[in-house]
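Written below as structure tokens is the structure these notes are about.
A quick note: this is a predicted structure, and the numbers were derived from the prediction, not measured.
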Amino acid sequence: MRKYTFLCLLFALLTQCALGKDLRGELEEQMQIQMQFQGKSFVLTLENNAAARDFYALLPLRLSFSDYVGKEKIAKLDKSLSPQERGEYDPQSGDFFYFAPWGNVGIFYAKQPPYKGLVKLGAPKAEKESFITHLKAQKQDFILTIEKYPSRE
């Protein structure tokens, strides 16, 4: 019986690997957030990494965002997130990120070069251009509400 159970588990694991599925695939599907600011709402899909899971566990949040270098909006987190497991990534407009050296989160609205310490947390699920345009239009500091999507309440 023990050998049979082991073989069944091994078969299930090999099947998932062959299909390219991560054992945390179900969790990844659940990791979507909604950002609301200035009367607009956008859904982002989070990455399947430790920093994104840590961030997701902090929700809901209300963060004060401000402009930084005319390319991104940033906000300070009260708690540090887990460090990145992989190397640098190539940031894109619309990316939601964590900058480990400063402990802040941000959203790029212009292309940025790769930089050590940047961790991609997620990206818009749809309406990426509208999301970027709306961010760029925010000239003053603003409050952004972030919650799990769909809301579990």
In the single-linkage hydrophobic clustering (I, L, V, M, F, W, Y; side-chain heavy atoms under 4.5 Å), do Phe99 and Tyr68 co-cluster?
-> yes
Identified side chain to side chain contact (heavy atoms under 4.5 Å, CB included) partner of Tyr56 from the options Ile146, Leu121, Ile33 = Ile33
hydrophobic_cluster_shared for Phe108 and Tyr115, side chain cutoff 4.5 Å | yes
Heavy-atom closest pair (Phe42 atom, Lys40 atom, distance to 0.1 Å) is CE1-CB, 3.6 Å
Donor-acceptor side-chain pairing of Asp54 and Ser82 below 3.5 angstrom | yes
Using the side chain to side chain contact (heavy atoms under 4.5 Å, CB included) rule, take Thr145 and Arg62 through it: C-alpha gap first, then chi angles, then the decisive distance, then the call.
-> CA-CA 4 Å; Thr145 302; Arg62 283 179 48 87; 3.6 Å; yes
Any chance you could measure Leu118, atom CG, to Asp95, atom CG, to the nearest 0.5 Å?
-> 9.5 Å
State whether Lys111 and Asp90 are salt-bridged, where the test is any N-O pair (Lys NZ or Arg NE/NH1/NH2 against Asp/Glu carboxylate O) under 4.0 Å.
-> yes
Any Leu58 side-chain heavy atom under 4.5 Å of Leu81 side chain = yes
What distance do Phe65 atom CZ and Asp141 atom CG have between them, rounded to the nearest 0.5 Å?
-> 11.0 Å
Which pairs, with at least one residue in residues 97-106 and sequence neighbours excluded, count as a side chain to side chain donor-acceptor pair (under 3.5 Å)?
-> none
What one should report as the nearest heavy-atom pair of Val43 and Gln32 is CG1-OE1, 3.9 Å
Report yes if some heavy atom in the side chain of Lys73 is under 4.5 Å from a heavy atom in the side chain of Tyr109; otherwise report no.
-> yes
Glu47 CD to Phe55 CZ distance, which is reported to the nearest 0.5 Å | 13.5 Å
For residues 124-137, which side-chain N or O atoms pair as donor and acceptor with protein atoms under 3.5 Å away, sequence neighbours left out?
unit_1 : atom_1 : unit_2 : atom_2 : d
Lys128 : NZ     : Ser93  : O      : 3.1
Thr133 : OG1    : Glu129 : O      : 2.9
His134 : NE2    : Phe37  : O      : 3.4

Output the distance between atom OH (Tyr149) and atom CG (Leu46), rounded to the nearest 0.5 Å.
-> 14.0 Å
For side chain to side chain contact (heavy atoms under 4.5 Å, CB included), just list the numbers for Met35 and Glu147, CA-CA rounded to whole Å, side-chain angles, deciding distance to a tenth of an Å, and then say yes or no.
-> CA-CA 7 Å; Met35 292 185 170; Glu147 60 189 8; over 6 Å; no
Any Phe97 side-chain heavy atom under 4.5 Å of Gln112 side chain = no
Looking at CD of Gln34 and NZ of Lys148, how far apart are the two atoms once the value is rounded to the nearest 0.5 Å?
-> 14.0 Å
Taking every non-hydrogen atom, the tightest pair across Lys120 and Asn49 | O-ND2, 3.0 Å
With side chains defined as the heavy atoms from C-beta onward, is the minimum distance between Ile107 and Leu44 less than 4.5 Å?
-> no
Which atom names give the shortest non-hydrogen contact between Pro113 and Pro91, and what distance separates them?
-> O-CG, 3.6 Å
Rounded distance (nearest 0.5 Å) linking atom CG of Leu63 with atom CG of Asp78 | 8.0 Å
